[in-house]
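All heavy atoms count here, side chains included; hydrogens, waters and symmetry mates do not.
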Amino acid sequence: MNIPFVNLKRMHDPIREEIDRAISEVIDANNYINGRQVKEFETDFAQFLGVQSVIGMSSGTDALFLALKVGGVREGDYVITVPNTFIATTEAISMTGAKILFTDVEENSSNMSPEKLETLLDTMDKKIADKIKAIIFVDLYGSPRDLDKIYQIAKAHDILLISDAAQAHGATIDNKPITDFAHISTYSFYPGKNLGAFGDAGAIATNDKEIADKIRQLRNHGRTEKYIHNMEGYNCRIDTLQAAILKVKLKSLAGWNTHRIKTAGLYNEHLSRKGMFCPAVNGKYGAVFHLYVTRSEARDSSMKKLKEAGVGVGVHYPVPLHLQPAYRRLGYKPGDFPVSEKLSETIISLPMDGAITPEEVKYVCNLLP
Ligand SMILES: *Cc1c(COP(=O)(O)O)cnc(C)c1O
């Protein structure tokens, strides 16, 4: 059986005509920048998330960058994040001129460890501590586990908390939106994400009106009116075309997320019988399973077997950022963040999307030892 890692076609087919119509409307109106669909999508996505303001952005990476900029992060400052994330998280830090400070994750959740963060902040050299301007928590695989605890720590230390929710559209904590547990949340609509555009796009979500207003200006050349610039800004706008497509796709997101959560439960049923690692489903932390990630000591042979049987698999992520060639200058070495390193050697991401079938899940699980 051929089972792609993500089957976008199958998710798009039922809404294809509506998407085609939305694209045609934008072309008919010839309003490609800041068209009415941008505002409409922002309003709809804010309602979906349960947050006051959403600002559409050119990508998830740019959303992280502007979140840091609006937080006043600049050259010489420090920003804390985890080593087991996509490099966009740390690229955004470097784009501001600030320095990256890693803290390790908790083994069970794969997310930032509240205990380790607290130890880092408490034992930090005072000179550096004063320059820590932000923490970026990554809701990895769509799980916000411990984000609430990290938010308490950030507030106690008066540090801006950004939640990199690029994989977590619709995730909750105690049935509350995760946007309640960070000063700023950033989203990516990279095509394969839970809500994906037909190209690059992203968003910032916040309950702070002042932050929202400033981001709106920063993303659009610092504009208040067409040729009045309050400050120098950037070009980080979302395309009208992408907003129009996302507005249509958003109507399916709740259903796709429910399907992902159900599928994760089904994977757990199969894999727990084999004694394999199973991520938590439907507890205090409402994960939306952008990825379903189990663990295997014999990962390489398992992946080989799955690939040979036509199953798309992945590793998110195979090399922790502190050991990437791009960050050699930071001087980290193997052993510095042992949990992230250990996870990178055993994690394996199985096929997951908004329309995968129970038969496909069973086929995948039967191939695992
Ligand atoms: C996808 C992703 C990003 C980057 O988003 P882009 O829209 O591709 O720029 C950032 N952080 C995480 C955790 C991601 O998964």
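Thr240 contributes a side-chain N or O that, together with a main-chain N or O of Gly35, makes up a donor-acceptor pair within less than 3.5 Å. Distance alone, capped at 3.5 Å, is enough to place a donor-acceptor pair between the Asp353 side chain and the Ala355 backbone. At distances below 3.5 Å, at least one donor-acceptor pair connects side-chain atoms of Asn84 with backbone N or O atoms of Ser110. In this structure, Thr89 contributes its side chain and Thr85 its backbone to no donor-acceptor pair below 3.5 Å. Asn207 contributes a side-chain N or O that, together with a main-chain N or O of Gln52, makes up a donor-acceptor pair within less than 3.5 Å. Counting only distance, with no hydrogens or angles, the side chain of Tyr141 and the backbone of His316 share a donor-acceptor pair below 3.5 Å.
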- Query: Can Glu210 and Lys214 be said to form a salt bridge (charged side-chain N to carboxylate O under 4.0 Å, His left out), step by step?
  - Reply: CA-CA 6 Å; Glu210 221 172 290; Lys214 186 131 183 245; over 6 Å; no
- Between Asp139 and Asn111, is a side-chain hydrogen bond (donor to acceptor under 3.5 Å, both in side chains) present by the stated rule, with each step listed? CA-CA 7 Å; Asp139 303 86; Asn111 279 349; 5.8 Å; no
**Request:** Please step through salt bridge (charged side-chain N to carboxylate O under 4.0 Å, His left out) for the pair Asp336 and Lys333, ending with a clear verdict.
**Result:** CA-CA 6 Å; Asp336 283 344; Lys333 57 186 187 311; 3.1 Å; yes
*Test Ile80 against Ile159 for side-chain contact (heavy atoms from CB on, under 4.5 Å), laying out the working first.*
CA-CA 10 Å; Ile80 299 175; Ile159 301 173; 5.6 Å; no
Steps toward side-chain hydrogen bond (donor to acceptor under 3.5 Å, both in side chains) verdict (His322, Glu341):
CA-CA 10 Å; His322 67 287; Glu341 291 168 31; 2.8 Å; yes
Check the pair Arg21, Glu25 against salt bridge (charged side-chain N to carboxylate O under 4.0 Å, His left out), reporting the backbone distance first and the verdict last. CA-CA 6 Å; Arg21 263 202 310 279; Glu25 275 175 29; 5.6 Å; no
inquiry  = Run the side-chain contact (heavy atoms from CB on, under 4.5 Å) test on Tyr234 and His221 for me, step by step, so that the C-alpha distance in whole Å, both residues' side-chain angles and the decisive distance to 0.1 Å come before the verdict.
reply    = CA-CA 5 Å; Tyr234 303 89; His221 300 292; over 6 Å; no
Item to complete: Please step through salt bridge (charged side-chain N to carboxylate O under 4.0 Å, His left out) for the pair Glu106 and Lys116, ending with a clear verdict.
Response: CA-CA 8 Å; Glu106 201 273 307; Lys116 283 172 195 157; over 6 Å; no
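Within 6.0 Å of atom CZ in Arg10, more than 12 heavy atoms from other residues, nucleotides or ligands are found, so the atom counts as buried in its surroundings. Other residues, nucleotides and ligands contribute at most 12 non-hydrogen atoms within 6.0 Å of the CG atom of Asn175. The environment of Lys155 atom NZ is dense: over 12 non-hydrogen atoms of other residues, nucleotides or ligands sit within 6.0 angstrom. Within 6.0 Å of CG in Asp125 there are more than 12 heavy atoms belonging to other residues, nucleotides or ligands. Crowding of Lys305 atom NZ: a count of heavy atoms from other residues, nucleotides or ligands under 6.0 Å exceeding 12. Crowding of Glu40 atom CD: a count of heavy atoms from other residues, nucleotides or ligands under 6.0 Å exceeding 12.
Between Glu269 and Leu266 the shortest side-chain heavy-atom distance falls below 4.5 Å. Ile153 has its side chain within reach of Pro114: a pair of non-hydrogen atoms, C-beta onward, lies under 4.5 Å apart. Taking the side chain as every heavy atom from C-beta outward, Phe277 and Asn108 approach each other to under 4.5 Å. Side-chain atoms of Met112 and Thr103, non-hydrogen and from C-beta on, do get closer than 4.5 Å to each other. Counting only heavy atoms from C-beta outward, the side chains of Ser59 and Tyr190 never approach each other to under 4.5 Å.
Aromatic pair Phe41/Phe189: centroids less than 6.0 angstrom apart. The six-membered or imidazole ring of Phe181 lies away from that of Phe137, with a centre-to-centre distance of 6.0 Å or more.
When all heavy atoms are compared, the tightest approach of Ser349 to Leu291 is OG-CD1, 4.4 Å.
Screening Val79, Ile132, Leu330 against Leu101 for a side chain to side chain contact (heavy atoms under 4.5 Å, CB included) leaves a single residue, Ile132. Across Lys133, Lys131, Lys99, Lys69, a single residue satisfies salt bridge (Lys or Arg N to Asp or Glu O under 4.0 Å) together with Asp77, and that is Lys133.
Residues His12 and Lys249 have side chains that bring a donor and an acceptor to within less than 3.5 angstrom of each other. Between the side chains of Ser340 and Asp104, at least one donor N or O sits under 3.5 Å from an acceptor N or O. Ser58 and Asp62 share a donor-acceptor pair across their side chains, judged by distance under 3.5 Å alone. Counted by atom type alone, Thr90 and Tyr327 present one or more donor-acceptor pairs between their side chains at under 3.5 Å.
Between Tyr227 and His229, the ring planes lie tilted relative to each other; the angle falls in the 30° to 60° range. The aromatic rings of His169 and Tyr187 sit tilted relative to each other, their planes meeting at an angle between 30° and 60°.
Judged by the 6.0 Å and 45° rule, Lys149 forms no cation-pi pair with Tyr151. Judged by the 6.0 Å and 45° rule, Arg260 forms no cation-pi pair with Phe289.
Ion pairing between Glu107 and Lys342 holds under the 4.0 Å rule for side-chain N and carboxylate O. Salt-bridge annotation for Asp13 and Lys9: present, with a side-chain N of the basic residue lying under 4.0 Å from a carboxylate O of the acidic one. Between Glu42 and Arg216 there is a salt bridge, since a side-chain N of the basic residue sits under 4.0 Å from a carboxylate O of the acidic one. Using a 4.0 Å cut-off between charged side-chain N and carboxylate O, Lys284 and Asp148 make a salt bridge.
Tyr32 and Ile19 fall within a single hydrophobic cluster, where Ile, Leu, Val, Met, Phe, Trp and Tyr are joined by side-chain heavy atoms under 4.5 Å apart, directly or via other members. Taken together through direct or relayed side-chain contacts under 4.5 Å among Ile, Leu, Val, Met, Phe, Trp and Tyr, Val138 and Leu161 form part of one hydrophobic cluster. At a threshold of 4.5 Å between side-chain heavy atoms, the hydrophobic network of Ile, Leu, Val, Met, Phe, Trp and Tyr places Leu147 and Phe102 in one connected group. A chain of hydrophobic side-chain contacts below 4.5 Å, direct or via other Ile, Leu, Val, Met, Phe, Trp or Tyr residues, connects Phe337 to Leu120. The hydrophobic clustering, which links ILVMFWY residues whose side-chain heavy atoms are closer than 4.5 Å, places Ile55 and Leu68 together.
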